[in-house]
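Fair warning: this is a prediction, and the values are worked out from it, not measured in the lab. Indexing begins at 1, ligand by ligand and atom by atom, following the structure's order.
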Amino acid sequence: MILLKNAHVADYISGIDGEKDILIDNGKITAVSDKIEKNCETVMDCTGLIAIPGIFDMHVHARDPGQTHKEDLLTCAEAAAAGGITGFLCMPNTEPVIDNAETLKYIAEKAKSAKVKIYPSCAITKGQEGKELCDFELLSKAENFPSGGSPAIAVTDDGRPVRNSATMGEAMIKASMAGMTVISHCEDLDIACGGFMNAGKVSIMLGVRGIHRASENIITSREIDLARDLCEKVHVAHVSTKESVEKVRAAKAAGVQVTCETAPHYFALTEDMLLTLDADYRMNPPLRTQEDVDAVIGGIMDKTIDCIATDHAPHSLQEKADFRAAPNGVIGLETSLAATLTFLYHTEKISLPDIVRLMCVNPRKILSLREISIAPGQPADITLFNPNEEWTVEPDKFKSKSKNSCFKGMKLKGRVKYTIVGGEVVYED
Ligand code: DOR
């Protein structure tokens with residue numbers, strides 16, 4: 001039994017906004033009230049801390065199987081726990097690609113000993129080659145995994161787009177029949193054409209090939225049009241441009257079933273970071289302009305953007321050493337809440353209920369996972385943080401195997417103090 005004393009519960013789902021004691025027993029929350037007196041093995045003083053339902057990150061590259069020199073499911077889960085994240089969706093661009101039952105079984109087996117809850121997605125197309133659709137029916141049904149393996153809950157070729165529009169449309173129809181969420185990596189590869197940063201003033205100054213914003217915008221438009229025509233749902237990953245935000249806003253107003261996410265780097269940083277010639281500021285889509293940052297923040301504020309995910313994309317120091325040759329991607333699990341607090345909450349752009357909506361409620365809703373809250377009977381998945389503690393990001397201290405953080409060296413305000421998953425304290429600062 002664990003007793004959390006004097007935590008400020010900020011949970012608009014249970015309707016609680018105030019200082020409470022929380023009692024946890026057998027993996028569940030058993031009581032939430034002003035004062036609980038009980039003899040417990042563990043009593044934690046949470047004075048000054050905010051308690052929210054556990055954060056869920058719907059965009060994580062765990063690199064397992066196949067690229068475990070960058071990360072593995074267990075280190076990824078440790079990094080998540082350190083970032084206050086109690087569950088995540090792992091992306092299928094592994095080696096081999098998650099497009100078959102064997103790989104899903106491997107993940108489920110390994111996830112059993114992970115500190116947080118791991119849900120797999122599978123590829124849209126076999127080998128992420130953009131040609132033949134995976135068997136969504138097979139990969140989504142729990143009865144096909146009798147030994148406890150867990151089925152995929154979403155489909156995505158993330159890391160790449162599905163190049164053929166008809167194939168993407170068919171994926172939307174078949175995924176919906178299988179009860180899975182379609183997540184689209186919006187990039188027109190012909191336009192992106194080997195570029196590695198935003199096409200704009202900085203790419204011109206550096207004399208490097210840029211990725212035009214049209215690359216993202218065109219496929220965002222295509223996915224919206226497909227969803228509209230087919231009356232299906234689509235979730236747009238990592239929105240980074242002003243135009244993408246505008247397109248999703250207009251589509252939602254017109255009743256199209258589109259949702260989207262962004263990542264902290266897109267509301268906190270601009271292409272100017274690339275002037276450092278440091279590949280830790282390179283990701284895909286790339287950092288854009290201040291106008292895009294402002295539009296992304298506007299989209300978060302008016303609910304066009306449904307959630308904040310990390311796109312945690314670990315790469316080794318060696319791989320990131322060469323600015324031009326390095327792969328795209330940045331880690332984010334251990335900074336996402338702190339960056340959100342620093343750049344959105346402390347700047348009075350969003351409130352605590354917004355954080356709960358963006359990081360806890362909407363990701364689960366989009367993936368059709370059970371809603372959680374801080375109330376009796378609920379699973380004890382709780383994130384506790386000090387909103388005012390300042391700290392400097394030192395990637396060397398991260399749990400993640402990789403250190404490619406674009407927030408390195410920055411002072412952030414807000415720090416995760418405890419992460420509780422299934423009634424167990426899986427992280428303590
Ligand atoms: O920057 C990125 N890195 N964007 C992606 O879409 C994929 C990811 C990766 O897997 O490294």
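Contacts between His315 and ligand 1, counted as non-hydrogen atom pairs separated by less than 4.0 Å, involve the side chain only. Counting heavy atoms under 4.0 Å from ligand 1, residue Asp158 touches it through the side chain alone. Residue-level proximity to ligand 1 for Met283 is carried by backbone and side chain together, each with a heavy atom below 4.0 angstrom. Only the side chain of His185 comes within 4.0 Å of ligand 1, counting heavy atoms alone; its backbone N, CA, C and O stay farther away.
If you check which protein heavy atom lies closest to atom 11 (O) of ligand 1, you get Arg63 NH2, 2.7 Å. The shortest contact between atom 1 (O) of ligand 1 and any protein heavy atom is with Asn284 N, 2.8 Å.
Using a 4.5 Å heavy-atom threshold, the side chains of His8 and Leu49 count as separate. Inter-residue side-chain proximity for Ser400 and Glu71 is flagged as met; some heavy-atom pair is nearer than 4.5 Å.
Aromatic pair His238/His59: centroids less than 6.0 angstrom apart.
Side chain of Lys401 to main chain of Thr68: a donor-acceptor pair is present (N/O by atom type, distance under 3.5 Å, no hydrogens or angles). Judged by distance alone, with hydrogens and angles left aside, the side-chain atoms of Arg213 form no donor-acceptor pair with the main-chain N or O of Thr241 at under 3.5 Å.
Under a 4.0 Å heavy-atom criterion, His238 is in contact with ligand 1.
Every atom of ligand 1 is numbered from 1 in the order shown, and the set under 4.0 Å from a heavy atom of Ala313 is 3 (N), 8 (C), 9 (C), 11 (O). Close contacts of ligand 1 with Asn328, meaning ligand atoms under 4.0 Å from a residue heavy atom, involve 1 (O), 2 (C), 3 (N), 11 (O).
Considering only non-hydrogen atoms, atom 10 (O) of ligand 1 lies nearest to Asn93 out of Val330, Asn93, Thr156, Asp157.
Where the criterion is an N or O separation shorter than 3.5 Å, residue side chain and backbone included, Gly329 meets it with respect to ligand 1.
Contact record, Cys76 with Val60: SG-CG1, 3.4 Å, taken as the closest heavy-atom pair.
A salt bridge links Arg415 with Glu389; the closest basic N to acidic carboxylate O contact falls under 4.0 Å.
The closest side-chain donor-acceptor pair between Asp57 and Thr310 falls under 3.5 angstrom.
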